[in-house]
S.K.: 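Sending over a structure as structure tokens; questions will come in a sec.
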Amino acid sequence: MPKYTLHINGSEKVVDAEPETPLLYVLRDYLELNGPKFGCGLSQCGSCMVLVDGNAVTSCVRSVDSIGASRVITLEGLSSENGKLHPVQEAFVEEQAAQCGYCLNGMVMASVGLLNKNPNPGEEEIKDALQMNLCRCSTHTRIIKAIKRAVKNQ
Amino acid sequence: MIDLPKTSRRKFLRNIGYLSVGFPLLNSCFGKQDPTVAARMNYNGDFPGSMRNASKVNAWLQVLEDGRVMVFSGKVELGQGIRMAICQVAAEELDLELDQVEVHLAETGLTPDEGYTAGSGSISNSAMSVRYAAATARQKLLELASIKLNAPVENLIFYNGKVNTKTSNQSLNFAEILDGAQIDMEVTVPVPLKVNTEYRYVGKPIPRTEIEKMVRAEAYYIQDMRFPGMVHARVLRPKGYHSKLMKLDKSGLSAEVSGVIKTVINGSFVGVITEREYQAVKAESFLRNHSEWTESFLFPDQKDIYTHIKSIADHAQSIRNDGDVSEGFNSTETFKSAFTKPYLKHGSMGPACGIAMYDGEILHIWSHSQGIYPMRSAIASMLKMDEEKIHVIAVPGAGCFGHSTADDAAADAAILAMNYPSKHIRVQWSREDEHAWDPFGSAMIMELEASLSEDGKIKAWKSDVWTDSHSMRPNNDAATLLDTRYLENPIELKARGYLAGGHRNADPYYSIPNMQVNVHYFDGPLRVSSLRSLGSYTTIFSIESFMDVLAEKVGKDPLEFRLAHLEDERAIAVVNKIREMCSSEILNDGEGIGFAFSRYKNTAAYSTVAAKVWVDKSTGIVQIKKMWAAVDVGEIINLDGITNQIEGGMIQAASWTLKEQVTFDQNGITSTDWASYPIFRFSEIPEVEVAMINRLDKPAEGGGEVSMPPTGAAISNAVYNACGKRVYDLPITAEKIKSA
Ligand code: FES
Ligand code: FES
């Protein structure tokens, strides 16, 4: 089995995996990270989102083989080492922007990806950036409020 | 990050008032208040059903070594926030800080058997049982402390986990008072309950602590559990509901897929166990490509589904018959409408997952089931095992919205664990499994007929409902588990579950002198079970659409027309409140507002919903601009928790109303992913506003389902008001509006 050296949350990780293994399975099953969630495996729901070189992307169909030297950040990698939450994470807690919270990983990652590109998005830009992300509990309105709050907190 | 509310708690609570949620909130800082002893009042009423088999204090709570309290509930966390609600109630009665209470949710052998976490019953059952047990415990602790401290009860201060005398600095915590014992006494009336105007936590918008765990990516969900040596598995679902496995060629499997440990075959059940999770995905797909199944041509043509339903339905059964409907219809014009609703999916964001490990004696199962005790009895009967040999631990999964696939994944894991002992086996369903094998919410038909009297009121009303079962939840009938149909010795279903859920709310809550309600049950082609709010979404969609039709016939304002038929003061209050909430809305061309009311189950919480929509008259495309809800759930336990549930319920039901239907052809389900079963995405999300009416003197009802039923009709009525077209067949799509 090929060996891959991946840059995950600021450190190098070596994994033995078959080339077509989706990044999601490498993160969850090999590296024991909880942030990215399996929701569809079809790149339709956004549950599995991570940041690849600062962009929020789905990880469930992207093979480990395609990652190369890219920097991958998961939900775990957003807070600082002393445990301080990223402003987006903080805003999700403050707005209680979750019910079951299963979609929360994708929502937070998509929001961070958005703020990386556009630190001051309006409501339409927020909705556009989250169009990929489904939430069946339908906590959408709180998620939008959380992102607006994060914009202020940054 | 967290501001404390500035208002005093007395000012903050009024006996009845409209509350809106103010954030952010408190943590445990209320402990700094003056610990004057809150007044108590004797409760002499009935106890909830959950206490029937768990009538002692220590069934619901135990004191920990450090003096804190562990509360037990047989309910599970589904994202509805029950853990915090139970914590609030216990902390309130025991005068503890919130972090002095730990809540242990469902685990067999440890927590009370409270059946299923369903029907918006967790507050009225579990939280109320905890309330009575905690208040009884407080009383007992006071008595014991009085002896130990040698001081009369009136001279004791009971606060934040300590009991002090007013005169000395002697103090004891709960563990010291009990000396390692637990309170093994029956909860009996009278129970001295804290007077509700003295509440520190109940009724407040207390943040749920688990949300921080989620944002920190802590292991919270069943999907995040990892055990040493744990292995992975998938189950190969049959080609169709009634397909049988003819041939399976697994000879090339190990050469093609690495890490394969074992393939378990039992009749048409095929499971494959691997070392890594993705290997299981590949192995399942290999086996799918190397298997042959009998065809399963059993579904009718989708476009004929409602004709089919009528053709297979049983004879009508009478549910209600007041006055004389035929007399009321006699010699006067009657109005008729027929409404239809397709099969709907639960659509949980996380496909089902189950973990099991057989240690040679006990089968341990981790599951996000809604009812671990009933599931245990189904699995015991499937495996022909003694129930006592199965230990089930509830772990949260993604929100499920009714009986979904969690129990089936647990059953998969259980079968595999018995075939491969002493390892934890984790079964993860695929998105396609989840979409195709879900027990859907039943397709339904509702036909209504009414006559009007000269004063513009309804004279006679007739409802006819066609419905399949609305609960096939696991119970001691093993056939409620999907796997049992495919085992070598398949198990036949003995019963049809909870049929009555289908006519929930089929009798309008309005005062109508002559009313007849009939139900026509059918045993339909698709797998069904309970979906959030059961039949009420369809019955209220139909009734409340029809109320607007009738209001128009008599030339009355839709809300006035409803008020003219309501006598219950709480119902009138939610109707008036919704009117007030949207009174200043300005409508532009193509926009309309619609309303709908219901009292859930006709006995529980009250809600009215308003929707403002814009309809593009040339294309029929509907956009929901805003939705409002005015809700009365009686006494509120967690204001923010309930508000979150109601907001989510409206948006989910709006997605059902405008977009959703399970599709199928003769061979099986064809809506097997999010592209073929689209639900709301962000671009479709309206603004929402919720007003809660807090009734401290009324029993606390759950609110998880109450905003679903009126949402469909509010949208339909709004569409009609916006463009003059009414759609009777859900979902309300652009094509149907155009051709209406
Ligand atoms: S799991 Fe990757 S998009 Fe759904
Ligand atoms: S909070 Fe449950 S799916 Fe979004």
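All values below were derived from every heavy atom in this structure, side-chain atoms included, with hydrogens, water molecules and symmetry-related copies excluded. Predicted model only: the values in this text are computed from it and were never measured. Quick note on labels: first sequence line is chain A, next is B, and so on, each numbered from 1.
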S.K.: What verdict does the side chain to side chain contact (heavy atoms under 4.5 Å, CB included) test give for A:Arg142 and B:Thr643, after you've listed the backbone C-alpha separation in whole Å, the side-chain angles of each residue and the deciding distance to 0.1 Å?
M.R.: CA-CA 11 Å; A:Arg142 287 175 179 235; B:Thr643 306; 4.1 Å; yes
S.K.: Can you tell me which portion of B:Glu210 sits under 4.5 Å from chain A's heavy atoms? Options are side chain, backbone, both or neither.
M.R.: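 When you check distances to chain A, no heavy atom of B:Glu210 falls under 4.5 Å.
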S.K.: For a 4.5 angstrom cut-off between non-hydrogen side-chain atoms, does A:Glu18 reach B:Ser258?
M.R.: yes
S.K.: Tell me whether the guanidinium CZ or amine NZ of B:Arg276 lies under 6.0 angstrom from the six-membered ring centre of A:Tyr25 and within 45° of its axis.
M.R.: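 Checked: cation-pi criterion not met.
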S.K.: Find out whether B:Gln223 and A:Phe38 are in side-chain contact, i.e. whether some heavy atom of one side chain is under 4.5 Å from a heavy atom of the other.
M.R.: no
S.K.: Look up atom CD in B:Glu647 and atom OG in A:Ser138, then write down how far apart they are to the nearest 0.5 Å.
M.R.: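 The distance works out to 10.5 Å.
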S.K.: Highest number of heavy-atom pairs under 4.5 Å with chain A: which of B:Glu434, B:Gln645, B:Gln279?
M.R.: B:Gln645
S.K.: Using a 4.5 Å cut-off on heavy atoms from C-beta on, say whether the side chain of B:Met214 contacts that of A:Leu75.
M.R.: no
S.K.: Mind checking whether A:Asn34 and B:Tyr221 have side chains closer than 4.5 Å, heavy atoms only?
M.R.: no
S.K.: Looking at A:Arg136 and B:Ser348, would you say the former's side chain and the latter's main chain have a donor-acceptor pair under 3.5 Å?
M.R.: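 Answer holds: no.
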S.K.: Test side chain to side chain contact (heavy atoms under 4.5 Å, CB included) on A:Phe92 and B:Glu212 and set out the steps.
M.R.: CA-CA 8 Å; A:Phe92 271 70; B:Glu212 177 155 350; over 6 Å; no
S.K.: Take atom NZ in B:Lys626; do more than 12 heavy atoms of anything else shown fall under 6.0 Å from it?
M.R.: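 Counting other residues, nucleotides and ligands, NZ of B:Lys626 exceeds 12 neighbours.
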S.K.: Quick one, A:Thr141 and B:Glu687 - any side-chain contact, counting heavy atoms below 4.5 Å?
M.R.: no
S.K.: With only heavy atoms counted, which part of B:Lys213 is less than 4.5 Å from chain A, the side chain, the backbone, both or neither?
M.R.: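 Neither part; nothing is under 4.5 Å.
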S.K.: Heavy atoms only, distances under 4.5 angstrom: which of B:Ala398, B:Cys400, B:Gly81, B:Ala675 has the most pairs with chain A? Name it, please.
M.R.: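 Greatest number of close heavy-atom pairs with chain A: B:Ala398.
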S.K.: Return the option, out of A:Thr74, A:Leu33, A:Asn105, with the maximum number of heavy-atom pairs under 4.5 Å with chain B.
M.R.: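 Option with the top pair count is A:Leu33.
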S.K.: Among B:Glu432, B:Glu684, B:Arg532, B:His346, which residue has the highest count of heavy-atom pairs closer than 4.5 Å to chain A?
M.R.: B:His346
S.K.: State, with a plain yes or no, whether a side-chain heavy atom of A:Ser47 is found less than 4.5 Å away from one of B:Met349.
M.R.: yes
S.K.: Looking only at heavy atoms, what is the nearest atom pair of A:Cys137 and B:Gly399, with distance?
M.R.: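 Minimum heavy-atom separation between A:Cys137 and B:Gly399: SG-CA, 4.3 Å.
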S.K.: What part of B:Ile685 gets closer than 4.5 Å to chain A, counting heavy atoms only: side chain, backbone, both or neither?
M.R.: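 Both the backbone and the side chain of B:Ile685 come within 4.5 Å of chain A.
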S.K.: Are A:Gln44 and B:Asp673 close enough that a side-chain donor and a side-chain acceptor fall under 3.5 Å?
M.R.: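 Side chains of A:Gln44 and B:Asp673: pair found under 3.5 Å.
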S.K.: How long is the gap from CD on A:Gln96 to CG on B:Asp640, to the nearest 0.5 Å?
M.R.: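 Between A:Gln96 CD and B:Asp640 CG, I get 5.5 Å after rounding to 0.5 Å.
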S.K.: As an exercise, state the distance from CD1 of B:Ile651 to OG1 of A:Thr139, rounded to the nearest 0.5 Å.
M.R.: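 Between atom CD1 of B:Ile651 and atom OG1 of A:Thr139 there are 8.0 Å.
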S.K.: Do A:Cys135 and B:Phe680 come close enough that some side-chain heavy atom pair is under 4.5 Å?
M.R.: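 No; the side chains remain at least 4.5 Å from each other.
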S.K.: Using every non-hydrogen atom in the two residues, find where A:Cys100 and B:Tyr220 come nearest and quote the distance to one decimal.
M.R.: O-CE2, 4.5 Å
S.K.: Are the side chain of B:Arg208 and the backbone N or O of A:Gln99 linked by a donor-acceptor pair below 3.5 Å?
M.R.: yes
S.K.: Is there a donor-acceptor contact under 3.5 Å from the side chain of B:Arg216 to the main chain of A:Gly83?
M.R.: yes
S.K.: Should the ring pair A:His140 and B:Phe682 be called parallel, tilted or perpendicular, given that the plane angle runs from 0 to 90° and is split at 30 and 60?
M.R.: perpendicular
S.K.: Between CZ of B:Arg681 and SG of A:Cys45, what distance do you get to the nearest 0.5 Å?
M.R.: 8.0 Å
S.K.: For each of A:Glu76, A:Lys127, A:Met132, A:His86, tally heavy-atom pairs with chain B at distances under 4.5 Å, and name the one with the top tally.
M.R.: A:Lys127
S.K.: With a 4.5 Å limit on heavy-atom distance, are the side chains of A:Asp29 and B:His232 in contact?
M.R.: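 A side-chain contact under 4.5 Å exists here.
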S.K.: Picking from A:Leu130, A:Leu134, A:Val108, A:Leu104, which has the most non-hydrogen pairs under 4.5 angstrom with chain B?
M.R.: A:Leu134
